[in-house]
Structures are given as structure tokens and as C-alpha cells.
Asker: 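Starting off with a structure, shown below.
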Amino acid sequence: MPIAPDFLKSKFLGALVGTGVGDALGAPFEGCFRVSSEEIEAVADRQEVLTYTDDTHMMIGVAESLLKNHGFDGEDMAHTFARNFELEPYRGYGPGPPHIFRLIRAGVAWDEAGQRLYRGGSYGNGSAMRVAPVGVLYHDNPAMLREVADKSSQITHAHQLGKEGAALQAYAIALATNLEPSSTLDRDDFLARLNNFMPQGIYREKLNKVQALLSQPDRGKVIFELGNGIEAFNSVPTAIYSFLSQPHSFAQAVLSAISLGGDTDTIGAMTGAISGAYLGFDAIPAKWRDKLENRRYITELAERLCNI
Ligand code: R7I
Ligand code: MG
Ligand code: MG
């Protein structure tokens with residue numbers, strides 16, 4: 001059964017605002033060795049504004065460029081990233097992207113600059129963390145989703161594993177968007193679809209581990225086997241696991257993702273995007289979404305994406 005139009009809009013909002021909330025909740029703990037859910041909530045309660053980082057800042061750039069061009073335009077998206085970075089360079093960007101933005105500004109082509117980093121491109125999680133607008137916009141078109149996830153990654157994360165990470169995260173968001181959360185989530189089917197979408201390799205291996213870990217939850221094993229790092233293959237499967245372990249609670253999914261430590265803002269952002277796409281905007285606790293920095297602008301972007 002297709003998702004009702006109003007609820008579909010709520011899912012678009014959930015994915016984008018979910019990215020921002022997960023990012024902002026996780027940001028104070030980036031690099032920590034595990035944290036408790038109570039501590040994450042307490043820190044958020046003390047903040048007047050939930051401030052986001054590069055994850056959400058770049059997600060906004062993806063949405064802005066997709067909206068402006070009614071789809072993907074590599075040159076425009078690259079310059080949108082560069083312009084946003086120049087306006088707010090303090091957002092905690094990874095080491096690679098600022099270097100690429102300088103190349104772009106110096107006239108290097110959008111699909112060329114990213115290859116000059118780390119010999120053949122980065123496999124950091126920077127292109128997966130920002131991909132929510134691609135996941136919702138192409139939720140009913142997996143071929144376009146893969147193409148746009150791939151090309152949007154190419155700008156800064158040209159390594160095959162960087163691109164696959166972005167495509168996997170986008171497809172998880174798309175699947176979540178297409179599902180009605182009132183019925184029980186078939187986790188095996190969700191994982192099987194993700195598996196079929198991916199080529200042989202590390203992502204498939206990790207998705208198989210997700211399945212085993214869901215039947216016997218163990219935090220230490222999740223960190224050891226899936227990872228909680230800055231590389232796309234050490235964080236996208238972890239976000240998918242975190243969503244699937246608590247599919248009916250945005251708060252529990254995101255808190256448990258951040259509590260794993262490591263790249264907390266990014267794993268929080270990616271878990272929040274999938275959970276928000278599944279459950280919709282209203283499932284994000286009001287005390288968090290109301291305090292999210294720039295929430296009005298982010299919801300406006302989501303609404304406009306839904307209207308394309
Ligand atoms: O991926 P990226 O934008 O960083 C995103 C992270 C998130 O946690 C954000 O919240 C922010 O804090 O930064 O930045 P990149 O520089 O592209 O990649 C991140 C890291 O991945 C690099 O600093 C490297 O440590 C690692 N990395 C690689 N290492 C070796 N060989 C990425 N690609 C390679 C590689 O090919
Ligand atoms: Mg960040
Ligand atoms: Mg991070």
C-alpha cells in the first residue's frame with residue numbers, strides 16, 4: 001500500500017530533521033569511548049540550542065543543490081558545498097573536504113577534485129552522513145538513487161568504498177521511507193534488500209554480521225565487528241544496525257547509536273536519518289526537534305524536496 005501523501009511529507013521531514021538531531025546529540029561525544037544514554041540526554045537537556053556539525057551542514061548543501069537544479073548537478077553541488085564551508089568553516093569538517101573545496105574554487109572539475117585525495121579518493125563517511133535528501137527524493141527509484149548517491153559522493157569521496165557507503169545509506173533511507181511503521185518491521189527482509197543492492201565485498205559482509213548481532217545483541221561485539229569509526233564501512237552498517245535494533249523508537253535508536261562512542265555525531269546522524277524516514281517527523285521527541293538549530297530552514301528544505 002502506498003504511503004499517504006501527508007505521511008510521506010512527514011517522512012521527508014523525519015529524515016532531514018533526524019539527521020540534524022542525531023548529529024547535534026552526538027556531537028559533544030565525538031571520539032569518546034562509549035557513553036550512557038542518560039548522559040547524552042542530560043547534556044542535550046542542558047543545551048538551549050542543539051547545534052549541528054558538518055554532517056548536517058553538508059546535508060543542507062545536498063538538499064539546496066538538488067532543489068535548485070531539480071536533480072543532480074555536480075558542478076553546482078560542489079560549489080554549494082564550497083560556499084557553505086566558506087560561510088561556516090567552524091562546523092568540524094573532516095580533513096579532506098576543505099582541501100577539495102579549495103581545488104573546486106581553483107577551477108578543478110567537480111568529478112576530478114575528489115580523486116586527488118588519499119590516492120583515488122576518500123572512503124571516509126562524509127558522503128554517507130549527508131545523503132538523506134538523496135534517499136528520500138529517490139525513494140521510489142533505486143537506479144536513480146544509486147546514480148545520484150554515487151555522483152554526489154564523487155565530489156569529495158571518490159573511493160569506491162566511499163561511494164558504496166553513500167549508496168547503502170541512501171538506500172536504507174529509501175526503504176525506510178517506503179515502509180508503513182504501524183506494521184511490524186521485517187528486519188530480515190530489510191537486510192536482504194540492502195544486501196541485494198550492494199556488490200560483493202565488505203558492505204555485504206557487514207550486513208550479514210548485522211543480522212547475527214540483532215539476534216544476540218552485544219554492544220562490545222557491535223563495536224568490534226561493525227565499527228564506530230570515521231570510515232564509511234565502519235559506520236554505515238553500524239547506523240543500519242542501530243535503527244534495526246530499535247525500529248519503533250527514534251530516541252532509543254539514536255541514543256543507542258551514540259552510546260557506542262567513536263564517530264558519534266555521524267553515526268547518530270545516519271541512524272536519525274533512517275529512523276526519521278521510517279517513523280516520520282512526529283516520532284522525533286519535541287524537546288529535541290524544537291531546539292535544533294535552523295530547524296525551520298531544514299523543514300522547509302524537506303517540504304520542498306517532497307514537492308519536487
Ligand atoms: O569523510 P570526511 O568528510 O570526514 C567526516 C567526518 C565525520 O565524522 C564528521 O562528523 C567530521 O568529524 O568528519 O573526511 P575525509 O578526510 O574524507 O575522511 C575521513 C578520514 O577517513 C580521513 O582523515 C582518513 O583518516 C580516513 N580515510 C582514509 N585513510 C586512508 N586511505 C579516508 N579515505 C582514506 C584512504 O583512502
Ligand atoms: Mg560532524
Ligand atoms: Mg563525525
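Remember, it's 1-based here, ligands and their atoms both numbered in the order they're listed.
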Asker: Could you tabulate the donor-acceptor pairs under 3.5 Å formed by side-chain atoms of residues 30-41, not counting sequence neighbours?
Answerer:
unit_1 : atom_1 : unit_2 : atom_2 : d
S36    : OG     : E39    : N      : 3.1
E41    : OE1    : K287   : NZ     : 3.0

Asker: Less than 3.5 Å apart, N/O on ligand 1 and N/O on the protein: could you list those pairs with the distances?
Answerer:
unit_1   : atom_1 : unit_2 : atom_2 : d
ligand 1 : 1 (O)  : N125   : N      : 3.4
ligand 1 : 1 (O)  : G126   : N      : 3.0
ligand 1 : 1 (O)  : H157   : NE2    : 2.7
ligand 1 : 3 (O)  : H157   : NE2    : 3.4
ligand 1 : 8 (O)  : E30    : OE2    : 3.2
ligand 1 : 8 (O)  : D263   : OD1    : 2.7
ligand 1 : 8 (O)  : D263   : OD2    : 2.6
ligand 1 : 8 (O)  : T266   : OG1    : 3.0
ligand 1 : 10 (O) : E30    : OE2    : 3.4
ligand 1 : 10 (O) : D54    : OD1    : 3.3
ligand 1 : 10 (O) : D55    : OD1    : 2.8
ligand 1 : 10 (O) : D265   : OD1    : 3.3
ligand 1 : 10 (O) : D265   : OD2    : 2.8
ligand 1 : 10 (O) : T266   : OG1    : 3.0
ligand 1 : 12 (O) : E30    : OE2    : 2.9
ligand 1 : 12 (O) : G92    : O      : 3.4
ligand 1 : 16 (O) : G96    : N      : 2.8
ligand 1 : 16 (O) : Y118   : OH     : 2.8
ligand 1 : 17 (O) : S122   : OG     : 2.6
ligand 1 : 17 (O) : H157   : NE2    : 3.2
ligand 1 : 18 (O) : S122   : OG     : 3.4
ligand 1 : 23 (O) : Y118   : OH     : 3.2
ligand 1 : 31 (N) : Y123   : OH     : 3.4
ligand 1 : 33 (N) : Y123   : N      : 2.8

Asker: Using the six-membered ring wherever Trp is involved, compare the ring planes of F101 and F81 and label them parallel, tilted or perpendicular (cut-offs 30° and 60°).
Answerer: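 Tilted.
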Asker: Would you mind naming the N, O or S atom of D265 nearest to the Mg ion (ligand 2)?
Answerer: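 Answer by atom name: OD2.
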Asker: So which of the N, O or S atoms of D54 lies nearest the Mg ion (ligand 2)?
Answerer: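 Atom name returned: OD1.
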Asker: For the residue pair Y203 and F233, categorise the inter-ring angle as parallel (less than 30°), tilted (30 to 60°) or perpendicular (more than 60°).
Answerer: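 Rings of Y203 and F233: perpendicular, over 60°.
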Asker: Check whether more than 12 heavy atoms from other residues, nucleotides or ligands sit under 6.0 Å from atom CZ of R187, and answer yes or no.
Answerer: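 Correct, the count exceeds 12.
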Asker: In Å and rounded to the nearest 0.5 Å, what is the CG to CZ distance from L185 to F190?
Answerer: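 It comes to 6.5 Å.
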Asker: Do any of the N, O or S atoms of D55 sit under 2.8 Å from the Mg ion (ligand 2)?
Answerer: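 D55 does place an N, O or S atom closer than 2.8 Å to the Mg ion (ligand 2).
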Asker: Does the distance from a Lys or Arg side-chain N to an Asp or Glu carboxylate O, for R146 and D150, drop under 4.0 Å?
Answerer: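 D150 and R146: not salt-bridged.
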Asker: Just give me the atom name: the N, O or S atom of E30 closest to the Mg ion (ligand 3).
Answerer: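 Output for this pair reads OE2.
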Asker: Do R304 and E300 sit within salt-bridge range, that is, some charged N less than 4.0 Å from a carboxylate O?
Answerer: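 E300 and R304: salt-bridged.
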Asker: Taking the six-membered ring where the residue is Trp, are the ring centres of W110 and F72 under 6.0 Å apart?
Answerer: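 Yes.
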Asker: Does the ring center of F85 lie less than 6.0 Å from the ring center of H57?
Answerer: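 Judged by ring-centre distance (under 6.0 Å), F85 and H57 do not meet the cut-off.
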Asker: Which atom name would you report as the N, O or S atom of D263 nearest the Mg ion (ligand 3)?
Answerer: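 The closest N, O or S atom of D263 to the Mg ion (ligand 3) is OD1.
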Asker: Answer yes or no as to whether an N/O/S atom of T53 is found below 2.8 Å from the Mg ion (ligand 2).
Answerer: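 A backbone or side-chain N, O or S atom of T53 is under 2.8 Å from the Mg ion (ligand 2).
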Asker: Mind checking whether the Mg ion (ligand 3) has an N, O or S of N125 under 2.8 Å?
Answerer: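 Coordinating: no.
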